[in-house]
2 protein chains.
Amino acid sequence: MAPERTKSAGSPRTRTEKVHHALRSAIIDQRLAPGSRLPEDAIGESFGTSRTIAREALGRLAVEGLVDLIPNRGAFVANPSLEDGRGIFTVRRALERAMVLDLVGKIDVTIAARLRDMVAREAALAARNDAEAIRLAGEFHLTLAQLTGNPLLLRYVTETVSRCSLVLAMYGRPHSADCGAREHSAIVEALIAGDAEGAAALMDQHLAEVASRALLSSRVEKDIREVLAAYAKDIDIG
Amino acid sequence: MAPERTKSAGSPRTRTEKVHHALRSAIIDQRLAPGSRLPEDAIGESFGTSRTIAREALGRLAVEGLVDLIPNRGAFVANPSLEDGRGIFTVRRALERAMVLDLVGKIDVTIAARLRDMVAREAALAARNDAEAIRLAGEFHLTLAQLTGNPLLLRYVTETVSRCSLVLAMYGRPHSADCGAREHSAIVEALIAGDAEGAAALMDQHLAEVASRALLSSRVEKDIREVLAAYAKDIDIG
DNA sequence: AATCGCAATATTGCATGCAAAGAAAAAGCA
DNA sequence: TGCTTTTTCTTTGCATGCAATATTGCGATT
């Protein structure tokens with residue numbers, strides 16, 4: 001009656017899952033710009049499947065909030081506003097605070113060494129600011145989430161980290177290192193020391209800084225109407 | 001190029017969405033027990049649609065974590081373990097804490113009245129403990145999430161509330177009112193008074209109590225194998 | 001008599017096809 | 001020329017059908 005214990009098989013087995021994951025990666029990696037149309041036909045053709053598969057994948061991405069689905073009109077890559085961006089960071093801060101609090105006390109010597117090693121590797125790449133460095137910085141947060149052993153927390157942190165990258169890509173300053181290795185190091189040390197409140201505060205401050213770096217100014221206007229409104233109000237149509 | 005600003009149309013328009021929402025309600029209302037099989041045929045027939053629709057709805061519910069999808073085997077109502085349950089509550093507490101903190105200061109007289117009215121209606125149904133009362137209690141949390149104006153927070157709170165219902169269905173005591181109207185009232189009053197830390201503490205305590213009520217004892221074994229293992233060890237097969 | 005293997009059955013995975021809703025383009029009117 | 005209306009065309013929404021995979025029941029074998 002009950003299914004076997006297998007939770008979420010490692011590699012995607014059905015075509016729908018494959019396309020689902022591929023599309024998600026494409027969106028997160030900014031290969032598909034926010035607002036882009038996602039026609040079922042084109043997707044199916046790209047992956048060598050029928051529209052049915054593309055359609056199912058789009059529906060699932062819509063549940064994840066990465067795609068906007070408009071009935072009878074089609075699917076579009078989500079296009080978070082600046083305000084949405086702030087909201088995403090709010091959620092992320094709450095989640096990672098809980099994550100850090102949960103982690104205190106679960107850190108043994110093995111894990112401690114692993115974390116220190118990871119931070120050291122980050123520091124080594126700190127000078128560069130390419131995709132690799134950015135990916136590594138994000139992975140720090142994902143690793144911590146994984147260490148909690150809480151599947152839902154891991155999923156949500158993964159999602160929020162992804163979406164924060166998206167937001168940073170849209171509104172962040174081009175050449176800012178989004179995560180400082182030094183800040184990560186401080187968090188790790190607080191965790192190892194068992195200082196719950198300290199670690200939580202450091203993480204909170206860390207994310208607050210990342211957010212403020214990005215979200216202070218709206219570098220890109222999100223909607224055409226927002227852009228044009230500024231011009232329209234100076235024009236007398238009559 | 002970009003789609004119009006319309007986010008998530010109010011009422012579901014496509015059949016897929018309708019079935020999706022209906023199935024979710026059925027699961028949350030505990031009309032479909034955790035672990036139950038969800039055959040595409042039966043669902044399609046129930047709603048008067050084809051399997052295609054049922055299939056899409058199941059895929060979306062799987063993303064939400066309410067359904068387990070096993071390739072070539074079928075769909076099952078999610079069957080969270082006790083540990084999963086704890087993890088879900090951990091996440092929910094973190095989210096709702098952030099929610100309450102965000103809400104303080106956003107409460108004007110109109111909203112205050114609306115919240116008080118909602119709590120009053122809850123109190124009126126407090127005696128009963130049927131599906132309607134349960135639904136209303138959950139809606140309190142969803143309403144608060146909606147008031148933040150944070151779409152991601154709303155989505156995550158919605159998901160965690162849903163999954164907590166599932167967990168309570170599995171492990172909670174049968175006749176416990178899961179959310180006390182009095183506790184909700186206290187939270188609302190703290191919010192209206194602008195007492196951020198107080199409101200956060202009340203919410204945290206509220207959810208901690210709900211969790212502890214449910215998760216102290218494992219009333220139901222999750223997996224058939226877990227159940228049978230206890231019997232098997234007393235039996236000599238030979 | 002219990003176990004193994006095989007066939008029959010049920011259910012999922014996926015593609016195709018048709019109808020309808022929207023968008024774009026062309027024609028008609030002021 | 002500019003605006004409305006109608007027509008065409010693209011794209012989505014959904015059902016059906018076929019192939020593939022897992023499960024169940026039955027019979028053969030040891």
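Labels below follow one simple rule: chain letters A, B, ... track the order of the sequence lines, proteins then strands, and each chain is numbered from 1.
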In whole angstroms, the gap separating P of C:dA15 from CD of A:Glu45 amounts to 13 Å

To the nearest angstrom, the CG-P distance between A:Asp41 and D:dC9 comes to 17 Å

- Query: Just by distance, do the side chain of A:Thr90 and the backbone of A:Arg86 share a donor-acceptor pair under 3.5 Å?
  - Reply: yes

When rounded to whole Å, the CD to P distance for the pair B:Glu40 and D:dC14 reads 16 Å

On the nucleotide D:dA22, are OP1 or OP2 found under 4.0 Å from the side-chain N or O atoms that B:Arg73 carries?
no

note: B:Ile70, atom CD1; D:dT21, atom P; distance rounded to Å ~ 18 Å

Against the side chain of B:Arg15, the closest entry in C:dG13, D:dT12, D:dC14 is D:dC14

Result for side chain to side chain contact (heavy atoms under 4.5 Å, CB included) between B:Leu147 and one of B:Leu103, B:Asp102, B:Leu142 points to B:Leu103

Taking B:Arg155 first and then B:Glu64, would you say they form a salt bridge - that is, a charged N and a carboxylate O separated by under 4.0 Å? no

* Asked: According to a strict under-4.0 Å criterion, is A:Arg37 in side-chain N/O contact with OP1 or OP2 of D:dT12?
  -> yes

Quick one, B:Thr14 with B:Glu17, criterion side chain to side chain donor-acceptor pair (under 3.5 Å). Give me CA distance, side-chain angles, the key distance, then yes/no. CA-CA 5 Å; B:Thr14 69; B:Glu17 282 174 84; 3.2 Å; yes

Give me the ring orientation class for B:His141 and B:His184: parallel if the planes are under 30° apart, tilted from 30 to 60°, perpendicular past 60°. perpendicular

To the nearest angstrom, the CZ-C1' distance between B:Arg60 and D:dG13 comes to 11 Å

Whole-Å distance, B:Leu69 CG to C:dG13 P, equals 7 Å

B:Ser36 side chain to B:Leu32 main-chain N or O, any donor-acceptor pair under 3.5 Å? no

- Message: Any salt bridge linking A:Glu96 with A:Arg92? Criterion: basic side-chain nitrogen under 4.0 Å from a carboxylate oxygen.
- Response: yes

B:Asn72 atom CG is separated from D:dA20 atom P, nearest whole Å, by 12 Å

Within residues 47-59 of chain A, the residues having a heavy atom closer than 4.0 Å to DNA chain C are A:Thr49, A:Ser50, A:Arg51, A:Thr52, A:Ile53

Rounded to whole Å, CD1 of A:Ile43 lies from C1' of C:dC14 at a distance of 17 Å

